[in-house]
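Data block below; observations after.
For ligands, and for the atoms within them, numbers begin at 1 and follow the listed sequence.
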Amino acid sequence: MQWGSATLAFYGIGAAAVATSVAALRKRLELSQAKHPSLSGHARIARRLARFVPFYEYDAERFFCSDGAPHDIAVRRRVGFNRLSQTYRTRFAETIRASAEAAESLSDLQFTAAYRVPFQYRRLVRAHLPSASFVQASDGVTLTDLDGNRCYDLTGSYGVNLLGYDFYKDTIERGAARVRGLGPVLGSYHPLLAENAKMLKEISGLDEISFHMSGTEAVMQAVRLARYHTGRAHVVRFCGAYHGWWDDVQPGVGNPTTARQTYTLTEMSERALRVLRKRRNIACVLVNPLQALHPNLNPPSDSALINSGRSAHFDKTSYGKWLKELRAVCSARNIVLIFDEVFVGFRLAKGGAQEYFGVRADMVTYGKTLGGGLPVGVVCGHHDLMKRYHDDRPADICLARGTFNSHPYVMAAMNEFLHALKTPQIDTLYRDLDAVWNARADMLNARLATADLPVRVVNLSSIWTVCYTRPSRYNWMLQYYLRAEGLLLSWIGTGRLIFSLTYTDADFAAVVDRFLAAASAMQRYGWWWHNPALTDRAIKRTVLKEIIAERWARMRRAVFDDEQRPA
Ligand SMILES: Cc1ncc(COP(=O)(O)O)c(C=O)c1O
């Protein structure tokens, strides 16, 4: 009898253990299924593979025919390349000289110069089409480089420039005048801070505000507070979404450490919702509404443009529906829903993505343009989420500091910005915003189609990305032709064009003409030569084979060197 109950107990424990591990396995499986099948969806694997990719490059011969183009096309490309290089060297002489000199001591410049094109082409491109990264003046929608060339600005200053550079110059100047009496005093506050908080509460529909020095810091603080109040550790972010460069929200390539408390899930996926419903360790979900333009894809940089596989498609209704589903699940599970509106805040609508998509978040982060031209990060949230201490546990606090947060000059520029939002002039810029920018994108696309050019733009309001309609290995060259035509892009090239709302129809028409001229030059010089066997998959396969061959060659060289070494 005794033996019988021991056996029963044994089997009972065994069954419980099996049930627990089956449940754990099922949860693990659900998590795996909720990850996006791409490498960006698998941060750790991506990081490991990134280490595996060796540097190799194309010589001056292969540079022009890496897609198997015939000799005459390669010659045409070479002629085009040399001409473009000559244009660069004469037109941007001083800008290039200054950039090269500064790059020696500026790691940021070195990095951005190196990551403009796929690495196999990097050296020759840098030698012949060097970076021209300095500008000396802005005026209207243009920037002037050190050689006096005026270019249309499509960089949008990383999204900061929403209302035109002249607006921000005024904002900063007027703001500085208002706080001059106090000067750069920190720790105590200028009264404008309180007014800003009030206006931000109205805009965000949330109860409390905290000020930080950058978007990255605002996101850090929002996540920290969510963890503090929920007592849970994990953060959900969606595949491809950028939330600044803090470790926990940037778990893949680019971060040398492993973000162990971050789940990267597929955006717009029922499987991701299932994970949110089941897991008890999730503190918050971060959404970057910019991803509506290309869900689950990384920020589109030309350095990753190895073929024409880049895609984008904005569907406001579907994305809005997704956000509503997410909202419902987060509410049901007490997970903090954070909209990271550092980029899109004020750009899609005055009330940001919350207003644009008709969904309310528990916390919202803002930054960029909100600083009125000066650096800033802001968190808005419900009272109960923003509180940094517990009344009943005085030692259990959630710390957030930052020497320069609430800087009077930033507060003053922000105040000017927020007041300007209420003026009729700015109101007109927001009128029919989407209709205006969609019509402009359509107009450019129609011109490109008529000219039979294999390039199109896709837009989320005034944020655009360039996609390519025919398989090619040389799409990244377009950024250099655009610059030669007087269109200034940021270092990620044609992946992102950001317009200020102050672009007039005439300004935009000039951009269209220049865009067409640049794309036509690409076509004329054979960069878009195409043969039916050249599919995007075939290009990917070629590059993969090259990488493996190079890796193999290196291993063999290492073994050979080892053997040659005297014992
Ligand atoms: C959505 C989003 N979050 C956070 C950040 C980080 O902001 P910052 O560069 O001010 O640190 C960015 C910057 O581009 C962003 O786009």
Side-chain angles (χ1 to χ4, degrees), residues 40 108 111-112 115 155-162 168 204 210-226 235-252 254-255 259 262 264 267 284-301 319 323 337-349 352-354 356-357 361 363-381 400 402-407 410 413-414 417 460-465 489-493 495-498:
S40 337
D108 201 45
F111 178 78
T112 53
Y115 285 86
T155 73
S157 286
Y158 297 120
V160 170
N161 185 22
L162 177 66
Y168 297 96
S204 66
S210 67
F211 295 104
H212 307 273
M213 296 166 292
S214 67
T216 299
E217 287 194 13
V219 171
M220 278 167 64
Q221 172 62 357
V223 171
R224 178 175 275 196
L225 284 165
V235 177
V236 165
R237 68 180 273 274
F238 292 110
C239 181
Y242 184 67
H243 295 284
W245 59 288
W246 168 48
D247 285 354
D248 281 24
V249 294
Q250 208 240 325
N255 174 359
T262 302
T264 298
E267 185 148 27
C284 59
V285 175
L286 271 169
V287 177
N288 177 356
L290 173 61
Q291 291 299 106
L293 184 56
H294 41 66
N296 295 303
L297 298 180
N298 283 340
S301 163
Y319 199 75
L323 291 182
L337 179 61
I338 305 171
F339 279 7
D340 179 2
E341 297 208 31
V342 169
F343 199 117
V344 299
F346 306 96
R347 187 169 276 278
L348 301 181
Q354 291 195 104
Y356 188 75
F357 290 108
M363 290 177 129
V364 179
T365 55
Y366 298 110
K368 297 201 191 257
T369 196
L370 176 58
L374 295 180
V376 83
V378 167
V379 182
C380 304
T403 302
F404 285 103
N405 79 31
S406 309
H407 192 291
V410 177
M414 183 189 292
F417 173 84
L460 164 58
S461 206
S462 53
I463 308 161
W464 295 26
T465 187
L489 311 183
S490 77
W491 67 278
I492 63 169
R496 185 154 298 151
L497 316 181
I498 306 168

From CG (L323) to CZ (F357), nearest 0.5 Å: 6.0 Å

To the nearest 0.5 Å, atom OH of Y356 lies from atom CD of E341 at 12.0 Å

Considering the options P289, S462, S461, which one meets the side chain to side chain contact (heavy atoms under 4.5 Å, CB included) requirement together with R347? S462

Roughly how far, to the nearest 0.5 Å, is the CH2 atom of W464 from the CD1 atom of I498? 13.0 Å

Would T262 and D248 count as having a side-chain donor-acceptor pair, cut-off 3.5 Å? no

Regarding R496 and the six-membered ring of F343, is the cationic atom NZ or CZ under 6.0 Å from the ring centre and inside 45° of its axis? yes

Write down, by chain and number, every protein residue that brings a non-hydrogen atom to less than 4.0 Å from an atom of ligand 1. S214, G215, T216, Y242, H243, G244, N288, D340, V342, F343, K368

